[in-house]
Amino acid sequence: MKKAYRVFLGAVLLLPLLFPLLAVINHGVALGVASPLMRVGISLTANHLVVTLERGDVITHQGNGATITLLPGTYRLENNGSAIRISDAAGKSYGVFDGPLQLVPAQGTFQLGNSRYGSSYRGSLEILLRGTDGLTVVNLVDMENYLRGVLPREVIPTWGNYGGMEALKAQAVAARSYALNHMARGSHSNDPYDLCDTQHCQVYGGKDGETANTDRAVAESRGRILAWNGNPIEAYFHSNNGGYTESSGNVWMTSFPYLISQPDPFDDPGNPNLQTHPHAIWEKDVPVKLLNNLLVGSGALATVEEVKIASVFPSERVNELRISGGGKTVSFLKERARTVLGLRSQLFSVREQPESRVWIASANTKESMTELEGKWAVSAHGIKRMLMGESYSALGVGGRDTVPYLAYIFEGRGWGHGIGMSQYGAYNRARAGQSYTEILSFYYPGTQLLNAY
Ligand SMILES: [Zn+2]
């Protein structure tokens with residue numbers, strides 16, 4: 001197979017290409033030697049921070065470098081309005097410190113009691129004041145250890161046991177590239193960290209979620225990134241593309257030469273021989289009432305007369321969704337056509353006429369009503385959504401009827417924006433024997449795989 005890029009291994013050859021990366025990897029670590037140190041903002045579930053110190057852990061006061069002596073135990077740190085107060089669980093105060101604090105754990109890991117995505121972290125910790133009542137908590141961690149905490153949150157680690165190791169490695173390269181790209185772009189240039197730990201950047205859960213498979217995927221792709229003109233790429237990924245990838249310009253505003261639209265036979269949810277997302281073929285009812293509200297926003301009377309897909313891209317993803325009624329029309333373009341209705345993907349169709357989606361059901365004898373599968377049903381026990389494959393049993397006076405709850409039925413394929421790498425597509429490609437470099441060259445055509453360090 002002809003590859004869309006060459007794999008460069010010699011660091012000397014790379015220097016001209018990597019020059020733009022110097023601006024990215026500038027955290028005091030020499031290029032070509034070590035995994036760069038990153039600053040990751042850690043989400044907390046409260047304004048204060050709960051941290052557990054082990055024997056030998058050191059907290060220093062960055063303002064003057066002084067060490068704060070604390071015994072092993074659990075402490076609460078909070079912003080008292082102008083400084084950081086440290087107290088223990090019983091409320092006993094251990095002092096107030098006006099500058100950022102740094103925690104360097106003796107064993108290389110530390111424990112947080114109220115972080116949102118994990119509890120145990122590698123590297124060190126910085127604690128800064130935020131406003132007059134909050135704290136900003138930053139995990140200083142090197143890129144490779146960061147990725148060990150990202151992969152298990154973004155992909156299914158057990159795929160490695162079923163022929164999917166190359167997909168996990170492709171994911172590691174994509175995540176590494178994505179992180180460097182966001183750092184270079186300054187996604188968080190207004191924050192005292194490079195990346196956050198949420199979906200805004202990539203979900204990062206520290207050490208807790210690490211698995212043998214994802215650790216191996218990170219190690220076996222160590223330092224490797226995808227680049228375009230020497231810069232790390234926007235390595236977008238998603239769960240399932242419905243059998244066709246999408247150009248970023250057909251979803252958002254910006255196009256990239258390596259994020260293009262092309263058929264992907266390895267991610268066709270209709271192919272029973274593939275492993276595809278269990279909900280990659282979907283159906284959603286959108287109540288007429290909700291569509292009416294969207295139309296009212298355009299100044300029309302609230303009477304939807306037509307819901308129509310006015311144009312599609314070659315992938316059949318929707319370009320324009322049009323809602324008309326009362327002499328007015330409102331259009332939703334590209335990704336907005338999907339998000340305004342809360343649909344799983346932009347690859348969808350809509351049935352011409354609205355249908356009643358709530359049934360009132362009862363029966364003279366205990367009777368199973370398979371026609372209620374997937375619909376809303378009202379009974380003496382309340383209203384419930386019947387699952388696909390679930391049959392509804394009713395016992396009562398007999399008869400079925402509908403109530404005037406009308407909805408337009410949207411049917412679609414895929415989960416996510418469809419841009420860049422499909423995770424399920426990568427999994428199927430790995431199972432079919434493709435290497436991670438082959439997988440990446442399909443999903444990010446024309447990019448170069450190179451060693452950032
Ligand atoms: Zn972010």
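Nothing here was measured: the structure is a model prediction, and the numbers come from that model. As a basis for the values below, the full set of heavy atoms in this structure was taken, side chains included, without hydrogen atoms, waters or symmetry mates. Just follow the structure's listing: the first ligand is 1, and inside any ligand the first atom is 1.
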- Message: Taking Arg39 first and then Glu126, would you say they form a salt bridge - that is, a charged N and a carboxylate O separated by under 4.0 Å?
- Response: yes
- Are a donor atom and an acceptor atom from the side chains of Asn241 and Asp264 found within less than 3.5 Å of each other? yes
- Item | Salt bridge flag under 4.0 Å for residues Asp285 and Arg351 | no
- N-O pairing of Glu210 and Lys207 below 4.0 Å: no
- Message: Let's test this: below 2.8 Å, count the protein N/O/S atoms around the Zn ion (ligand 1).
- Response: 4
- Item | Glu316/Arg413 ion pair, N-O < 4.0 Å | no
- Do NZ/NE/NH1/NH2 and the carboxylate oxygens of Arg176 and Glu144 come within less than 4.0 Å? yes
